[in-house]
Structures are given as structure tokens and as C-alpha cells.
Number of protein chains: 2
Amino acid sequence: MSEATAKQGPDTRARILNAAESLFMTHGFEATSMRMITGQAEVNLAAVNYHFGSKDALIQEVFRRRLTELNRDRLGALEAEESLANGAPLKPSKIVAAFFGVSLKMAADTEHGGATFMRLLGRTYTEPNEFVRQFLAEEYAEVVQRFMNALYRALPDVPREEILWRFHFMMGAMSYAIAGTDALKLFAGDFDDEDPTRLMPRLMSFLLGGLRAPLPEEVIESRAIRRDAA
Amino acid sequence: MSEATAKQGPDTRARILNAAESLFMTHGFEATSMRMITGQAEVNLAAVNYHFGSKDALIQEVFRRRLTELNRDRLGALEAEESLANGAPLKPSKIVAAFFGVSLKMAADTEHGGATFMRLLGRTYTEPNEFVRQFLAEEYAEVVQRFMNALYRALPDVPREEILWRFHFMMGAMSYAIAGTDALKLFAGDFDDEDPTRLMPRLMSFLLGGLRAPLPEEVIESRAIRRDAA
DNA sequence: ATCCTGTTCAAACGTTCGTTTGAATCATAC
DNA sequence: GTATGATTCAAACGAACGTTTGAACAGGAT
């Protein structure tokens with residue numbers, strides 16, 4: 001063979017990744033067996049270990065494939081705003097829109113499995129599995145750092161710790177929004193699924209409202225004291 | 001034996017429930033084996049099946065034990081506010097504080113395992129396991145209905161669908177806030193764990209900011225149109 | 001002392017898991 | 001054609017899983 005990959009009909013590797021992605025979302029990592037994956041992908045049981053080495057390595061590859069693209073798009077959106085701003089601090093709404101807009105865009109892509117992946121990702125932030133968490137942390141490190149710095153510049157009067165927390169809250173709201181309607185139906189059985197494109201403005205309003213909310217009294221007080229001391 | 005329960009040293013049932021709760025949080029349901037549970041609880045392997053019937057039934061009991069108390073407290077807090085209000089609609093902040101305040105209070109109780117449970121619960125809203133979701137839905141139905149109705153009364157001008165979404169977002173933010181610092185460290189390695197009692201005011205500011213945020217333009221427009229038609 | 005009932009215990013059950021193996025199959029290079 | 005290296009395949013591996021079993025043990029009532 002010439003090099004790296006290739007052969008057989010509709011590429012075995014991709015078939016496995018797609019089947020795994022979808023099954024992981026439906027059943028979770030542990031509850032998804034190799035036999036379920038290879039069955040749905042219509043490949044031989046041994047194919048996973050041949051192409052990826054192990055089940056754990058397959059899980060990593062499922063995330064790597066998508067996260068690379070997702071985080072590249074997020075950084076791209078941020079940099080586009082930054083070059084528009086010409087060195088001035090960005091508006092918080094632009095920063096939030098860059099990060100979460102890209103996420104929701106992938107979540108809306110039902111054609112190429114983006115929606116499936118984002119729901120899987122939302123679940124995985126709280127995943128107990130140690131090495132999955134470790135891997136996510138590494139993949140996210142740079143992007144989060146960049147966005148946090150943009151927010152620090154945009155909100156110089158808000159304590160950094162407070163911004164960090166609120167970013168955390170925003171991630172939670174988004175994850176639920178995407179992981180989704182399932183959980184919503186959990187609250188209201190009569191809930192209509194309706195047009196998912198309306199999610200973006202809804203979520204954005206909520207996130208910005210939360211981000212710009214008045215600081216809790218404790219924080220205001222402690223800052224006032226610190227200012228007095230200075 | 002007289003009736004229901006009892007015998008042996010430090011109650012076998014409770015030992016199993018505590019061990020299971022803690023292990024489920026650390027490893028997830030599927031990755032936690034009966035042998036791990038009975039090992040940590042220092043009881044015989046067969047004790048789980050004897051006392052609970054099956055692993056699935058044990059999972060249910062772990063949740064039932066805590067959720068019954070949690071939802072009773074939530075309803076209690078809501079009713080206390082309602083009786084204070086004397087029939088007038090409650091302020092949204094009071095409603096939100098009743099629901100999420102009780103949650104955070106349990107999350108702050110590290111003495112009796114409340115913290116462990118709340119982190120487990122946060123993870124479980126997005127749990128793939130079908131019957132766990134089904135069970136959660138049943139346990140939550142009444143409480144959520146009551147709180148939603150209170151919010152409908154408190155915010156008569158906001159479309160009910162919008163309130164439902166925002167409640168959903170709030171649940172997400174809270175879950176992340178509790179499930180927690182783990183995920184936060186995922187974003188910022190240098191993050192200090194610090195005083196968890198400060199979480200409550202932080203989260204409450206964010207939630208209320210989000211809940212009271214201006215409606216997205218789409219919604220405002222569609223309401224204006226509807227009003228014109230009327 | 002005897003029986004009864006609730007509980008514990010060690011051992012085993014059958015099933016399913018992730019992984020490994022070695023032969024079969026295929027496309028290309030010579 | 002024949003050799004070569006990549007891929008597929010059916011079958012098996014040992015380990016771990018949730019559950020069941022039947023005997024052992026406990027305390028209270030008769």
C-alpha cells in the first residue's frame with residue numbers, strides 16, 4: 001500500500017468513529033461495548049483494536065477529531081472580532097457570541113453528526129472517567145486561556161475570579177441547552193421540541209444577562225474594603 | 001425479628017447506600033461494580049441483592065433516599081415564601097432562592113454525604129441510562145410544576161416557553177457549579193478551591209441576571225405581532 | 001430446647017467484556 | 001505470476017460482571 005490509510009469500501013476508520021460517537025452519546029462510554037460499535041459500523045470486531053489500539057484510544061480519537069475543528073473555529077471567531085476591534089477591548093457580547101455561537105452552530109449541524117457530538121461533549125464535561133477528563137483539559141487549555149484573557153480585558157472592573165466562575169456557569173447552561181430537550185422534557189412532559197435555531201438567541205440573552213449581572217454584595221464589599229486600604 | 005429492618009453492627013443497608021453513593025459519583029454507574037460497593041461497605045457480595053434486589057434497584061434507592069428529602073425541602077421553602085406573600089405573586093428572586101438555595105445547602109453539607117450526592121445528581125441529569133432518567137422525571141414532576149407555576153405568576157409578561165428554557169439554563173449552571181471545581185480546574189489549572197459558601201451569592205447573581213435578561217429580539221417581535229393581531 | 005425468621009457468607013453460575021491470535025484476503029510493486 | 005504489506009475475519013482468551021444458591025448463623029418467641 002502507498003502509505004498511511006486507505007482501502008475497502010466506505011472507509012473503515014470513519015465508519016467506526018461515527019458509530020462510536022453515536023453510541024457513546026446514547027449509552028455512555030462504559031455501557032457501549034466493542035461489539036455494539038463494530039456491529040453498527042458493520043465491520044469486524046477486531047477492526048477497532050487494529051485501527052485504534054484499544055477502546056480508550058478510540059474514545060480519545062472520537063473527541064480529538066471533532067474538538068480540533070471546534071476549537072479552531074472558536075479561536076477563528078475570536079480572532080476575527082479582535083482584528084475588527086483594532087486593539088480595543090472587545091465587547092463581552094462579542095466574546096460570548098464567538099465562543100458559544102460556534103458551539104451552537106456545530107450543535108445545529110445534524111447532517112454531519114455535529115449535533116450528536118455536541119450532546120456527547122456536554123455530557124462529558126462531568127464525565128467521571130479520569131483519562132477522558134485529562135484529555136479534555138489538555139484540548140481546552142489554550143482556547144479557554146485566550147477567551148478568558150479577552151474577557152479580562154473586556155471587563156477590567158470585574159474580579160478575574162468572578163469572571164472565571166461566570167464562564168463556568170455559562171458552560172453549564174450551554175451544555176444543558178445542547179444536551180437538551182431530553183432533560184427539558186424531564187421537567188415538562190408537554191414541552192414542544194420546536195425550531196432549534198431559536199435556541200441561539202435564547203441562550204445568548206440568558207448568558208449575557210448572567211455575565212453582566214450585578215456582583216454579589218460580598219464581592220462588592222470586599223472590593224470596597226480593598227480600595228479603602230489602598 | 002420484630003419487623004422491617006435491623007440487626008447487625010452498623011446497619012448494612014446504610015453502609016451499602018453510602019458506599020454506592022460515593023462510588024457512583026467517582027466512577028459512574030456502569031464503572032462501579034457490586035464488588036467495589038460491597039468491598040468499600042465491608043459487607044458480603046450477596047448483601048446488595050438481598051437488601052435491594054438488584055444493582056438497578058440499588059441505584060434507584062440511592063436517589064430516592066436523598067431526593068425525597070431534597071424536594072420536600074424545596075417545596076417547604078417555596079410554601080414558606082408563599083405564605084409570607086399572602087397570595088401576592090412572589091418575587092422571582094425568592095422563587096429562585098427557594099429552589100437553588102436548598103440545592104446548594106445540601107451541596108454544602110459535607111458531613112452527611114449531601115455534597116457527594118449533589119455532585120452525583122448534577123451528573124445524572126445528563127445520564128444516558130434510560131431507567132435512571134425515567135425515575136428522575138417522576139421524582140421531579142411535582143416540584144418542577146409547582147416552581148414553574150410560581151414563576152409564571154411572578155413573570156406574567158414573559159412567555160411561558162421562555163421561562164421554561166431559562167429554568168433549564170439555570171439548572172445547567174447550578175449543576176456545573178456543584179459538580180464542580182473539577183470542571184473548573186479543567187479550564188484554569190491555577191484555580192483556588194477556596195470557600196464554598198461563597199458559591200451561593202455568586203450563583204444567585206448569575207441566575208437572576210440570566211432570568212431577568214431582556215428577551216431575545218425574535219421573541220419580542222413575535223409577541224408584538226401577536227399583539228397587533230389581537 | 002426447639003422452631004422460626006431475618007441475615008450473612010463462600011462459592012459458584014452463566015454471560016459479556018476488551019483483547020489477541022493466526023489464517024485468509026486483497027491491492028499493489030516487482 | 002509472485003512476493004509484499006496492509007487489512008479483514010472467525011475464533012478463542014482470560015477476566016470481570018451481576019446474580020443465585022444453599023448452608024451457616026443469629027436472636028426472640030413458644
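Each chain gets a letter, A, B and so on, in the order its sequence line appears, and its residues count up from 1. Remember, predicted model here, so these are calculated numbers, not experimental data.
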Query raised in the report: Using a cut-off of less than 4.0 Å, is there contact between a side-chain N or O of A:Ser33 and OP1 or OP2 of C:dT16?
Result: no

Of the listed nucleotides ([options]), which one gets closest to any side-chain atom of [X]?
X       : options                : answer
B:Ala46 : D:dT19, C:dG18, D:dT20 : D:dT20
B:Asn44 : C:dC9, D:dT8, C:dT19   : C:dC9
B:His51 : D:dA11, D:dT19, C:dT7  : C:dT7
A:Met34 : C:dC17, D:dG18, C:dT19 : C:dT19
B:Asn49 : D:dG18, D:dA12, D:dT20 : D:dT20
A:Thr12 : D:dG18, C:dT8, D:dT8   : D:dT8

Requested in this report: Spell out, as yes or no, whether a donor-acceptor pair under 3.5 Å connects the side chain of A:Ser83 to the backbone of A:Ala80.
Outcome: yes

Report task. Kindly say whether the aromatic ring centers of B:Phe167 and B:Phe147 come within a distance under 6.0 Å. Result -> no

Send over the distance from [X] [atom1] to [N] [atom2], rounded to a whole Å.
X       : N      : atom1 : atom2 : value
A:Arg35 : D:dA12 : CZ    : P     : 13 Å
B:Glu42 : C:dC9  : CD    : P     : 11 Å
B:Arg13 : C:dT7  : CZ    : C1'   : 13 Å
A:Ile16 : C:dT19 : CD1   : P     : 13 Å
A:Leu45 : C:dT19 : CG    : P     : 10 Å
B:Leu23 : D:dC17 : CG    : C1'   : 16 Å
B:Tyr50 : D:dT21 : OH    : P     : 15 Å
B:Phe52 : D:dT20 : CZ    : C1'   : 18 Å

Query raised in the report: For A:Gly53 and A:Ala31, take the nucleotide of DNA chain C holding the closest heavy atom to each; which residue's nucleotide lies nearer the 5' end?
Result: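 This one resolves to A:Ala31.
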
**Report entry** More than 12 heavy atoms from other groups under 6.0 Å of NZ on B:Lys55
**Finding:**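 Yes - once you tally the heavy atoms of other residues, nucleotides and ligands closer than 6.0 Å, there are more than 12.
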
Query raised in the report: Any salt bridge between B:Arg64 and B:Glu61, counting N to O under 4.0 Å?
Result: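 Salt bridge between B:Arg64 and B:Glu61, a charged N being under 4.0 Å from a carboxylate O: yes.
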
Requested in this report: For the residue pair B:Tyr176 and A:His168, categorise the inter-ring angle as parallel (less than 30°), tilted (30 to 60°) or perpendicular (more than 60°).
Outcome: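 Geometry flag for A:His168 against B:Tyr176: tilted rings.
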
Query raised in the report: Between A:Leu58 and A:Ile16, which heavy-atom pair has the shortest distance, and what is it?
Result: CD1-CG2, 3.9 Å

Query raised in the report: Only one of B:His112, B:Glu21, B:Glu139 clears side chain to side chain donor-acceptor pair (under 3.5 Å) with B:Arg66; which?
Result: B:Glu21

Report task. For the helix from C:dA1-D:dT30 to C:dC30-D:dG1, figure out the bend between the end axes, five pairs an end, and round to 10 degrees. Result ->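 The helix from C:dA1-D:dT30 to C:dC30-D:dG1 shows an end-to-end axis angle of 20°.
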
Requested in this report: Classify the nucleic acid contact of A:Thr38 as base, sugar-phosphate or nothing, counting any heavy atom under 4.0 Å across all strands shown.
Outcome: nothing

